[in-house]
Student: 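Here you go, one structure.
As the structure is a prediction and not an experimental result, all values here were calculated from the model.
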Amino acid sequence: MNKLLPVGVGIVFKRVSFTLFPVMESRSFPPSWFAILPLLVLASVPVSLPAQRLVAEPVVADDADPGEPTASPARKSLASDPVAMEPPLSPEEASVRAQVRAILPPDRHFAPLAEAVISRLYRERGFRPLWEGVALGAGFHRSLGEELKRHALPELLAQDPEALVPRVPSGPIEARDLAHTVAFLDTALMIRIGVVPFHRIWPDWDYGDKPGSDERSIDSIVGDLVLATSLQPFELPKSMDAMAPKNWIYRELHKAYPAAREAILKYSGLPQIPSPEQIGPGKPGEVYPAAPAIAAHLIDRGYLNMPPQQAALLTSMTPELTGAIVAFQTDYGLDPDGIFGLGSWRYLNVNAADRFRSMVLNLHRARLMPGKMGDRYLIANLPCAELYLFDVNDFMSKSMRIVHGKASVESQHTKIFRDRMQEVVFGPYWNVPPSIARKELLPKMQEDWGYLSRNNYELVNSFGASAGTRVSPDTLGAVASGSLLIRQKPGGTNALGYVKFLFPNSFNIYMHDTPARDFFARTNRDHSHGCIRVAKPDELAEWVFAPDGWTLEQVRGKMQTDLNKGVAVKGGINVYITYFTIFPRPAAGGRTLLAPGRDVYGLDAVNARSLAAFIPWQEAPAVPVTVPSGGQ
C-alpha cells in the first residue's frame with residue numbers, strides 16, 4: 001500500500017514555527033486529503049473631474065496632506081467574470097465541463113475558470129486528445145508535486161491523474177487524457193494565480209481600472225496551456241514555467257526562494273545586530289558595540305572585504321566599515337551617510353526564519369502582478385516607502401522616496417490598488433474636505449479670524465466658484481454645517497505643493513508635491529492621510545511628459561507660474577500601489593537587490609492567516625502593535 005511520509009524540519013524563531021512542506025514519497029494519495037489538509041500545517045466618488053472641480057482630500061495644516069482615502073466599495077465576485085463573458089456552450093463543451101467538474105476539487109477558487117479553460121482548449125482541438133503517451137509517464141504526479149514545492153506551495157496539493165481516471169464520467173474526452181489535463185491545469189493555476197482569490201491578499205486590487213495584462217483571462221491561460229503542452233521533448237518543469245507568473249517581481253523572488261528555504265535548515269553563524277533604537281546609531285569613527293555584528297553581515301553580503309576573525313575584534317566604526325555601510329546604503333536607497341541607523345539596521349539585520357516567511361508571503365503577493373505591466377509604469381511600494389519609474393522592458397529609470405498613509409490610523413492607510421495616471425495639475429488648489437474643515441480648521445478660525453488669510457485659504461460657496469466671503473459668526477456656522485467650503489490657493493504653502501498627479505479612482509488617492517519636506521528624511525515615512533507625497537515631483541513630471549519632449553526646466557517653470565492648469569497624460573501611465581515586504585529593488589550595474597521593507601500596516605500576519613492552510617508555519621495570533629507613525 002502506498003503511503004505519504006511527511007519529512008520535515010521544525011524551526012522556531014520569534015513565535016513562528018516552521019515546518020517545511022512534506023516530501024512526497026509516493027505518487028498516489030487518498031482522495032480524502034482535502035479533509036485532512038489543515039493537519040498538514042503545523043498548528044465614493046471618482047476624481048476624474050476637470051482641474052476646476054477636483055475632489056479634495058483631507059489634511060491638517062501642519063501635516064500638509066490632502067486626506068483620508070474613502071472606504072473600499074462593496075466587493076463583488078470576480079473569479080467568474082471571464083467565464084460570464086463566454087459565448088453560449090455547445091453540448092460537447094457543456095459535457096466536457098461536467099467531466100472536469102466531477103474530478104476537480106470543489107474548493108478551488110478558480111474552479112469555474114478551470115472548467116472554461118479546459119472546455120475551450122478541447123473545443124479548439126476538435127475534442128481530440130491533448131497528451132501523447134510519452135508525456136504520461138509514471139512520474140507525472142510526483143513531478144506536479146515537485147513543481148508546487150518549487151513555487152513555495154505544498155506539494156501534497158498536486159492531484160494524481162491516475163487516481164482521477166475512474167471518477168471521470170463518460171463524455172467527449174477520453175478519461176485518462178482529461179485526468180492529466182485537469183491535474184496539470186490545477187497545479188498550473190495554483191502557481192499562476194494563487195491558492196486564494198486575489199481579494200484575500202489585496203482586497204482593492206481588482207476595483208476600477210485594472211491596467212496591465214490579465215493572467216486570469218481564458219484567452220491568456222489557453223494560449224499558455226497550448227504552448228506548455230506542445231513543448232518537445234515534453235519536460236514538465238519547462239511546461240510549468242510557461243504557465244507560471246511572468247512578471248519580473250515574481251521572477252526575482254522565485255529565483256531567490258531556494259536559498260531562503262535552504263537557509264532555515266542550517267545555522268549561518270551571523271549574529272543579531274542590536275537595534276539602534278536601543279543602543280543609539282553607529283557614527284563614523286566612534287566606538288560602537290555592534291560594530292563586529294555589522295561587519296559580519298556586510299562580509300556575508302559581499303560589501304566588506306575583511307577576515308571574519310578581524311571583524312570580530314572591531315570596537316568602533318572604522319573607515320573600512322563605514323565605507324562598506326555607505327556602499328550598502330547607496331544600493332538600497334538609504335541616505336549614504338555612513339551612519340548605522342534604524343533604516344540600515346532594518347535592511348541588514350534579517351534572520352533566516354523571518355526572510356523565509358517574508359519570501360513565501362511575497363511570492364503569493366507577486367502572483368497578483370500583471371505579466372506585462374505596461375510600456376511605462378510606476379510602482380509605489382509602501383513597505384519600502386519608495387516610488388519606482390519604469391520605462392520600456394521593465395527598465396527602472398529613476399526612484400524617489402514617498403510619504404504615505406499613517407499606520408497608526410487605519411482609516412488613513414494608503415489603499416493597495418492599481419489605476420492609470422491621466423492628468424497632471426500644475427499650481428493646484430487644495431479643496432479642503434468639509435470633515436477636515438470642521439475638525440481641524442474651524443477651531444483655529446474661531447480662535448483667530450485672520451488664520452485663513454494668513455495661510456492662503458479662502459471661503460467659497462462651491463469649489464468651482466469665485467472667492468469673496470469674509471469670516472464672520474455666520475460664516476463660521478456655515479463652515480460647521482458644510483454649506484460653506486474652504487479651499488487653499490495655489491502657491492508654496494499649498495498642501496499639495498506645486499503639482500499633483502491624478503489617476504482617477506474611487507479612493508480619492510493621488511500623488512502630489514508637498515511643502516512638508518522634512519518627512520522624506522525619516523526612516524518611517526507613514527505620515528500622510530492616505531495620499532502619496534513624492535520627494536521629487538519635478539523629476540516625476542519630467543518623466544511623465546518625456547515622450548512629449550518636456551525638459552526639467554519647462555516643468556519647473558510650469559510649477560511656478562501655472563494656476564490650477566491640468567495637462568492630460570497622453571495614453572495614460574499605469575500606476576501600481578503595492579505592498580511587498582521583500583521587494584526586488586533594481587540597483588546600479590543591472591543588479592537586483594532584495595530589499596526588506598517595513599511591514600508598516602501589519603499585513604504579513606493578515607495575509608499569513610488568509611493562507612494558513614497553504615504555508616509551512618503556524619502564524620502567531622494577532623497582537624496589537626503600538627508603533628508611532630512617521631518616527632525617525
Side-chain angles (χ1 to χ4, degrees), residues 78-106 108-137 140-141 143-144 147-148 151 157-165 167-195 213-246 367 371:
L78 294 162
S80 59
D81 280 358
V83 181
M85 294 185 291
E86 281 287 279
L89 301 179
S90 68
E92 292 83 1
E93 287 179 276
S95 181
V96 172
R97 293 197 183 192
Q99 287 183 292
V100 174
R101 198 174 305 123
I103 59 175
L104 186 69
R108 296 292 200 251
H109 74 92
F110 49 72
L113 179 60
E115 292 176 22
V117 167
I118 292 175
S119 64
R120 165 87 73 84
L121 176 69
Y122 279 109
R123 183 195 73 192
E124 293 180 353
R125 294 179 56 80
F127 301 100
R128 292 179 290 107
L130 176 64
W131 301 93
E132 296 182 3
V134 66
L136 308 184
F140 196 92
H141 176 219
S143 295
L144 291 178
E147 288 306 299
L148 287 171
H151 288 270
L157 291 175
Q159 295 289 291
D160 181 1
E162 300 299 341
L164 297 178
V165 171
R167 297 165 45 201
V168 178
S170 60
I173 309 302
E174 188 271 327
R176 191 161 184 261
D177 195 85
L178 183 73
H180 280 78
T181 301
V182 168
F184 181 88
L185 183 63
D186 180 51
T187 292
L189 289 180
M190 284 189 280
I191 292 171
R192 184 187 186 99
I193 61 176
V195 290
S213 58
D214 184 5
E215 270 57 57
R216 292 171 294 174
S217 74
I218 294 174
D219 289 343
S220 172
I221 297 171
V222 170
D224 288 344
L225 186 57
V226 169
L227 173 64
T229 55
S230 61
L231 293 176
Q232 296 294 334
F234 179 79
E235 296 179 22
L236 204 145
K238 291 183 179 179
S239 295
M240 202 57 71
D241 285 342
M243 298 294 297
K246 297 176 176 60
R367 293 184 170 99

Student: Using salt bridge (charged side-chain N to carboxylate O under 4.0 Å, His left out) as the criterion, list what pairs up with R125, not counting sequence neighbours.
Tutor: none
Student: Using a strict cut-off of less than 4.0 Å between a Lys/Arg side-chain nitrogen and an Asp/Glu carboxylate oxygen, indicate whether E215 and K246 qualify as a salt bridge.
Tutor: no
Student: What are the two closest heavy atoms between Q99 and P169, and how far apart are they?
Tutor: NE2-O, 3.0 Å
Student: Hydrogens and angles aside, do W131 and T229 bring a side-chain donor and acceptor to less than 3.5 Å of each other?
Tutor: no
Student: Between Q159 (side chain only) and P161 (backbone N and O only), is there a donor and an acceptor less than 3.5 Å apart?
Tutor: no
Student: Please check if the side chain of E147 supplies one atom and the backbone of M240 the other of a donor-acceptor pair under 3.5 Å.
Tutor: no
Student: Tell me, with the steps shown, if R108 and L189 meet side chain to side chain contact (heavy atoms under 4.5 Å, CB included).
Tutor: CA-CA 10 Å; R108 296 292 200 251; L189 289 180; over 6 Å; no
Student: Should the pair F140 and F184 be assigned to parallel (<30°), tilted (30 to 60°) or perpendicular (>60°) ring geometry?
Tutor: tilted
Student: Please confirm whether the backbone N or O of I191 pairs with a side-chain atom of R367, one donor and one acceptor, at under 3.5 Å?
Tutor: yes
Student: Roughly how far, to the nearest 0.5 Å, is the CG atom of L148 from the OG atom of S143?
Tutor: 11.0 Å
Student: Could you give the distance from OG (S239) to CG (D224), rounded to the nearest 0.5 Å?
Tutor: 11.5 Å
Student: Nearest 0.5 angstrom please: L121 CG to E93 CD, how far?
Tutor: 11.0 Å
Student: Are any side-chain N or O atoms of S213 and backbone N or O atoms of G371, one a donor and one an acceptor, separated by less than 3.5 Å?
Tutor: yes
Student: Return the CG to CG distance between L130 and D177, rounded to the nearest 0.5 Å.
Tutor: 5.5 Å
Student: Could you tell me the separation between the CD1 atom of I221 and the CG atom of L113, rounded to the nearest 0.5 Å?
Tutor: 4.0 Å
Student: Give, for atom OG1 of T181 and atom CD1 of I118, the distance between the pair rounded to the nearest 0.5 Å.
Tutor: 6.5 Å
